[in-house]
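Take a look at the structure set out below.
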Amino acid sequence: MAVAKKHEEVMELAKRRGFIWPSFEIYGGVAGFYDFGPLGALLKNKIIQKWREFYVVREGFFEIDSPSIVPEEVLRASGHVDHFVDAMVECQKCRSAFRVVDLVLEQTGKGIEGMSKEEMDRFVKEHKVRCSDCGGELGKIFDFNAMFRTAIGPGSQRVGYLRPETAQGIFIDFKRLQRYARGKLPFGVVQIGKGYRNEISPRQGIIRLREFTMAEAEVFFDPEDPHHPRFSEMAGEQLRLWRACDQIKDREQLTETTVEQAVERKVVCNELMAYYLALTKRFLIDLGIPNGVIRFREQTPGQRAHYSSETWDAEVSTERFGWVEVAGLAYRTDYDLSRHAQFSKEDMTIFSADKKRKVLCHVVEPSYGIDRPFYCLLEHSYVSEKERKYLRLKKELAPIEVGVFPLLNRAGMPEKAREVLEGLKSRGFMVEYDDAGSIGRRYARADEVGTPYCVTIDHRTLEEDTLTVRDRDATSQVRVKIEELPRVLRSLLCDEIPFSEAGEPVKKRSES
RNA sequence: GCGGCAGUAGUCUAGCUUGGUUAUGACACGAGCUUGCCAAGCUCGCGACGCGGGUUCGAAUCCCGCCUGCCGCACCA
């Protein structure tokens, strides 16, 4: 119980202060769905904004926005219809459930993939396949479809699914996108949006959702030229890798290496993959996740998705859930483009001007969940000191940037405080006004949701147009002229100046 | 999905074994007073038995179903 104390406290805070809570609560709730409250929505948007800075602004990738509902043929081509629908069977005695294909392979050595349900039933009976846990009799085979199925339009009832990944929207648009990129390789396309997976039994709160936000990038490149133009900038970055070969031998051993060495020693398949591993690490650190709790785990061949020939999961260690996958980097090869070429009969190749030949692009896919790092961030930001509990969020991520308080609710201070508030709002600051309870309580309320700075209007404000600015982490204050406040706050929020240089230091009462 | 345990205001919680006045307390929140910089104090206020059914004169309490959560199994491409 003591083990997950931080998780319980941070989730209590998250619910109480409007970050996240279970969806559909007044109707009893539905497992696997969470709502983002006012502060949660702000924080989530700031995480997305940072992701855009990395991938859209700096990598120069194109962002698109395609539908969440996808017609069946797209997902047949992508392999999701075959790989998401698992024939399952349950033991009548001990109630264990198995994938039929796995169970049959294990007991008879025969692959029965592609059989109909009836054929599988017959096969299981003929070969006397039993429960591998208790040897019990097996029940009837049933389908478990991990995609949400729906109907498009009335009448024809064309089958559609809620997308299990945003990536397909990008592959479908490949021809238009490569024209937009004017034939230059490599180029990248991103999409941020909801993805849907009908989990059998979602637990672990916000870590395993049935509807979640993903941010995916598809990097298209010539397989004979898997280089990143700015690889040298990333070459020296240290990576902590847990290789598949070590996992198979049950070894917890991590490989510490630079990006460059990882490629040279063929630990990572190519330069692009290694580059995006490093970029992922930088992104997570930039969110405020400590370097020490980040590692990359290579998926073993059995764990990999059908489309991937090499996958690395970026994992963050948490108190409550252990190592949590927050991003997956998959080498999708030409799987998706060739499948869509085959199923749609469209030519998905691209003409390379410098190589004077047609190229079927390969794809490296950095794919991020947004909800999971959101949780990791809350857990790792939560600080519980003696009398103080607060979120030490990075300033640029804090949902509310500035609290504005009148020291007293009289003597013209509230009016002055409102003036300051409006001045900050009009300059684009996310501010919150609070005049309830003692000044200490208001600081505590602001600290709890990670507000980095609070300004207080006091007697001196009325006399000389200065006010105090308080730093969340140090709880120390400086006195600043009102006219300089926006500039000072902007510099502080961008980490351009240290707090001590923001203004004239204010002595704490207890110190004087 | 299976088995075990659980669900009381915004949050935490007493009451449940042995059915019976107006469902306990704390914190939080709102209004007012107070307060001259770090969750102080005073007054007042808001606010709950997860949902549905059954047993009973009477159900937060006992029984059943559902939902949700926790633990174990399975699943997590």
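Reminder, nothing fancy here: chain letters follow the sequence lines and each chain counts from 1. The basis for the numbers below is simple: all heavy atoms, side chains too, and nothing from hydrogens, waters or symmetry mates.
The same atom, P, is picked in B/A59 and in B/C51; the two are 15 Å apart, to the nearest Å. Here, B/U61 and B/G20 have their P atoms 11 Å apart, quoted to the whole Å. The gap from the P atom of B/C62 to that of B/G45 amounts to 34 Å, rounded to the nearest Å. The gap from the P atom of B/U8 to that of B/G50 amounts to 6 Å, rounded to the nearest Å. Spacing between B/U13 and B/G7 at atom C1', rounded to whole Å, works out to 13 Å. Separating the C1' atom of B/U35 from that of B/C42 is a span of 12 Å, rounded to the nearest Å. Taking the P atoms as reference points, B/C27 lies 10 Å from B/A40, given to the whole Å. Taking atom C1' in both B/C16 and B/C5, the straight-line distance is 15 Å, to the nearest Å.
Ring geometry for A/H80 versus A/Y307: interplanar angle of 30 to 60°, hence tilted. Taking the six-membered ring for Trp and thresholds of 30 and 60 degrees, A/F24 and A/F33 have ring planes more than 60 degrees apart, a perpendicular arrangement.
Between the side chain of A/D471 and the backbone N or O of A/D473 there is at least one donor-acceptor pair closer than 3.5 Å. When atom types are taken as modelled, the side chain of A/D371 and the backbone of A/T213 share a donor-acceptor pair closer than 3.5 angstrom. Of the possible polar contacts, none joining the A/R460 side chain to the A/T466 backbone as a donor-acceptor pair under 3.5 Å is found.
Among the nucleotides B/C38, B/G69, B/A39, the one closest to any side-chain atom of A/A444 is B/A39. Listed nucleotides B/C75, B/U35, B/C37 differ in distance to A/R410; the shortest reach to its side chain belongs to B/U35. Candidate nucleotides B/U68, B/C38, B/U11 were compared by shortest atom distance to the side chain of A/V30, and B/U68 ranks first. Which of B/A40, B/C76, B/C37 sits closest to the side chain of A/D458 comes down to B/C37.
For B/G65, the paired nucleotide is B/C51, the pair qualifying as Watson-Crick or G-U wobble because both relevant distances are below 3.5 Å. Figure legend. B/C57 is base-paired to B/G20; pairs are counted as Watson-Crick or G-U wobble with both atom distances under 3.5 Å. Pairing for B/C29 is with B/G45, a Watson-Crick or G-U wobble pair whose two hydrogen-bonding atom distances lie under 3.5 Å. Across all strands shown, B/A74 forms no Watson-Crick or G-U wobble pair with both distances under 3.5 Å. Across all strands shown, B/A14 has no partner, as no Watson-Crick or G-U wobble contact with both distances under 3.5 Å is found.
Salt bridge status for A/E315 with A/R297: present, with a side-chain N to carboxylate O gap under 4.0 Å.
When rounded to the nearest whole Å, the span between CZ of A/R441 and C1' of B/G30 equals 12 Å. Spacing between atom CG of A/L209 and atom P of B/G69 amounts to 11 Å, rounded to whole angstrom units. Distance CD (A/E8) to P (B/A6): 18 Å, rounded to an integer number of Å. In this structure, A/Y34 places its OH atom 12 Å from P of B/U68, rounding to the nearest Å. Spacing between atom CZ of A/R445 and atom P of B/C38 amounts to 16 Å, rounded to whole angstrom units. Summarising the geometry, the separation between CE on A/M413 and C1' on B/U35 is reported as 11 Å, rounded to the nearest angstrom. B/G69 atom C1' lies 16 Å from atom CD1 of A/I206, rounded to whole Å. Here B/A39 presents its P atom at 10 Å from CZ of A/R470, a figure rounded to the nearest Å.
Looking at A/R203, its side chain has no donor and acceptor atom pair within 3.5 Å of the base of B/C76. Scanning atom types as modelled, one donor and one acceptor separated by under 3.5 angstrom connect the side chain of A/Y443 and the base of B/C37. Counting distance only, with no hydrogens placed and no angle test, the side-chain atoms of A/Q477 and the base atoms of B/C37 include a donor-acceptor pair under 3.5 Å. A donor and an acceptor atom never sit less than 3.5 Å apart when one is taken from the side chain of A/R442 and the other from the base of B/C38. Residue A/T468 places a side-chain atom within donor-acceptor reach of the base of B/C37, judged by atom type and a 3.5 Å distance cut-off alone.
Counting any heavy atom pair closer than 4.0 Å across all strands shown, A/N409 reaches a base atom. A/R388 comes within 4.0 angstrom of no nucleic acid atom, judged by non-hydrogen atoms across all strands.
By the 6.0 Å and 45° rule, A/R470 stacks over the aromatic ring of A/Y443. The side-chain tip of A/R332 does not point at the ring of A/Y335 from less than 6.0 angstrom away and within 45° of straight on. A cation-pi arrangement is present between A/R418 and A/Y433, with the terminal nitrogen or guanidinium carbon under 6.0 Å from the aromatic centre and inside a 45° cone about the axis. A cation-pi arrangement is present between A/K44 and A/F36, with the terminal nitrogen or guanidinium carbon under 6.0 Å from the aromatic centre and inside a 45° cone about the axis.
Toward the 5' end of RNA chain B, the nearer of the two residues A/L467 and A/P202, judged by each one's closest nucleotide, is A/L467. Residues A/A436 and A/D447 both approach RNA chain B. Their nearest nucleotides, taken by heavy-atom distance, put A/A436 toward the 5′ side.
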Protein-nucleic acid N or O pairs under 3.5 Å, nucleotides 44-53 of chain B:
none

